[in-house]
Amino acid sequence: MKGTRKLFVKSFGCQMNVYDSQRMTDTLAPEGYVETATAEDADLIILNTCHIREKAAEKVYSELGRMRRLKEEAAANDRRVLIAVAGCVAQAEGEEIVRRAPTVDVVVGSQNYHHLPGLIARAERDGHAVDTEFPVDDKFDHLAAPSRAMTRGRGVTAFVTVQEGCDKFCTFCVVPFTRGAETSRAVDKISAEVERLADAGVREVTLIGQNVNAYHGAGPDGRPWSLGRLLERIARIRGIERLRYTTSHPLDMAHDLIAAHRDLPALMPQLHLPVQSGSDRILAAMNRRHTRADYLDVISRLLESQPDMALTSDFIVGFPGETEDDFAATLRLVGEIGFSGAFSFKYSPRPGTRGAEMTDQVDEAVKSERLHRLQRAIDRQQAAFNRRCVGRTFDVLFERPGRHPGQIVGRSPYLQPVQVEAPSSLIGAIASVTITEVSSNSLFGALARQPALAAAGA
Ligand code: 5AD
Ligand code: SF4
């Protein structure tokens with residue numbers, strides 16, 4: 001029996017990393033590692049990193065500076081602390097990380113988490129261990145089955161990775177390099193995982209993947225299934241009341257996925273569909289493989305199928321060659337669609353991508369100014385979307401205690417956080433809520449009708 005050691009995992013970046021962090025924790029549990037909430041008392045620290053923009057990647061090095069000091073303090077007290085770098089920076093930079101930050105003991109790429117126990121043993125023995133190969137086997141076949149929910153709230157909502165990697169090669173994006181070629185997990189494995197989550201009390205599942213709607217995993221019939229079909233299968237699992245999926249590419253919004261928004265009551269009326277730019281010239285330079293009109297067409301088909309949708313997107317401003325006219329086209333697209341929210345970023349050249357080689361890079365000051373204008377436009381749309389919810393009544397899935405005593409917080413069908421004065425016994429339940437007020441990004445509401453439990457005076 002191995003002695004107990006403490007593990008601290010810090011996740012940066014996207015939901016894929018949140019999911020992977022949990023799977024790493026589960027994989028290390030049989031090795032005697034127990035999760036701790038602070039780095040200070042950890043014996044193993046894992047930084048699960050993001051490489052999407054330069055700022056994200058650099059954050060890791062500043063974090064490593066802090067970790068080095070913790071490690072030195074522990075060493076002064078005769079305690080050995082191991083530091084591991086996982087995720088996309090590990091995948092992209094490999095050995096280079098140990099050269100730049102010698103305090104790092106283990107570097108493990110995003111496809112190799114099932115090798116962690118061996119890598120830790122090797123680092124303890126040899127000083128350090130690096131593994132960033134893209135293996136032929138599937139890490140999910142080897143990682144421990146999730147022992148508990150990968151949750152946003154208290155075990156009520158969970159992410160499940162169904163697809164990884166990307167073959168699209170947008171010219172700004174490192175993902176095809178850090179996460180490799182597109183792969184999909186088999187339908188049966190996903191269903192089994194969702195069934196376990198449902199048994200553990202999860203009510204809402206978000207299927208995740210870098211390009212989730214390109215999902216083409218093997219079905220029980222041995223043929224590739226689409227995401228629409230997978231959703232239909234998952235919706236039948238007892239206990240699962242809500243489904244979402246993210247992140248999608250406009251090209252892969254297939255007919256059956258669009259139809260699923262009409263036909264599956266469990267599929268929430270919300271879609272994150274990055275468009276990046278509203279200019280055809282820039283979309284072509286980004287190798288997005290669709291035009292502005294194609295995007296508008298997808299959205300209009302979706303709204304025909306399900307008129308009540310909250311749409312969100314990602315935008316990049318200042319991609320090489322972007323003129324004021326191109327940027328104006330992006331603002332017009334935003335105006336035409338009306339988003340419930342969006343993420344927008346200044347273009348950040350990433351090593352190894354075609355965009356980084358382009359000669360017509362945009363000035364930082366211009367990028368900042370465009371980002372500011374775009375964010376203002378999006379904030380206005382988000383506020384308008386939220387305001388339109390006031391007076392409406394819809395279902396909220398309660399996830400956790402709220403900011404103030406007596407409040408609990410859940411999510412609307414559109415993914416907005418909703419604060420309600422209600423008993424904490426409702427956490428994990430869906431209740432009908434009437435929206436009374438909005439703030440910048442939260443809604444406030446009151447229970448529309450007392451659920452049976454509360455009415456009985458419980
Ligand atoms: N620079 C800025 N933003 C980027 N994104 C991806 N790569 C870059 C980059 N090099 C943004 C895109 C993507 C989101 C996850 O991050 O908008 O949809
Ligand atoms: Fe990156 Fe484009 Fe693939 Fe999305 S579709 S992960 S932006 S290369």
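Atoms within each ligand, like the ligands themselves, are counted from 1 in listed order.
The pair Arg262-Glu304 fails the salt-bridge criterion, with no side-chain N (NZ, NE, NH1 or NH2) lying under 4.0 Å from an Asp/Glu carboxylate O. A salt bridge links Arg66 with Glu63; the closest basic N to acidic carboxylate O contact falls under 4.0 Å.
Surrounding CZ of Arg236 are more than 12 heavy atoms belonging to other residues, nucleotides or ligands, all under 6.0 Å away. Taking a 6.0 Å sphere around CZ of Phe343, one finds it holds 12 or fewer heavy atoms contributed by other residues, nucleotides or ligands.
Of all protein heavy atoms, the one lying nearest to atom 16 (O) of ligand 1 is Arg53 NH1, 2.8 Å. Among all protein heavy atoms, the one lying closest to atom 6 (C) of ligand 1 is Ile52 CG1, 3.4 Å. Closest to atom 14 (C) of ligand 1, if we only count protein heavy atoms, is Asp314 OD2, 3.4 Å. With hydrogens left out, the protein atom closest to atom 10 (N) of ligand 1 is Ser348 O, 2.7 Å, a heavy atom.
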Taking only distance into account, with no hydrogens and no angle test, what donor-acceptor pairs under 3.5 Å do side-chain atoms of residues 375-385 form with protein atoms, sequence neighbours excluded?
unit_1 : atom_1 : unit_2 : atom_2 : d
Gln375 : NE2    : Ser344 : OG     : 3.3
Gln381 : OE1    : Phe339 : N      : 2.7
Gln381 : NE2    : Val334 : O      : 2.8

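Arg411 has its side chain within reach of Pro417: a pair of non-hydrogen atoms, C-beta onward, lies under 4.5 Å apart.
Of the polar atoms of Gln276, at least one N or O is found under 3.5 Å from an N or O of ligand 1, judged by distance alone.
Every atom of ligand 1 is numbered from 1 in the order shown, and the set under 4.0 Å from a heavy atom of Lys346 is 1 (N), 2 (C). Interface of Phe172 with ligand 1, defined as ligand atoms under 4.0 Å from a residue heavy atom, comprises 6 (C), 7 (N), 8 (C), 9 (C), 10 (N).
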*May I have the step-by-step check of ring pair (Phe, Tyr, Trp, His ring centres under 6.0 Å) for Tyr215 and Tyr245, ending in yes or no?*
CA-CA 11 Å; Tyr215 177 83; Tyr245 58 94; over 10 Å; no
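Within the protein, the N, O or S atoms lying under 2.8 Å from atom 2 (Fe) of ligand 2 are Cys170 SG.
Exactly one of Arg179, Lys168, His249 qualifies for a side-chain hydrogen bond (donor to acceptor under 3.5 Å, both in side chains) with Asn211. That residue is Lys168.
Contact annotation: for Phe345 versus ligand 1, heavy atoms closer than 4.0 Å belong to the side chain alone.
Distance alone, capped at 3.5 Å, is enough to place a donor-acceptor pair between the Lys71 side chain and the Thr103 backbone. Side chain of Gln210 to backbone of Gly165: a donor-acceptor contact under 3.5 angstrom is found.
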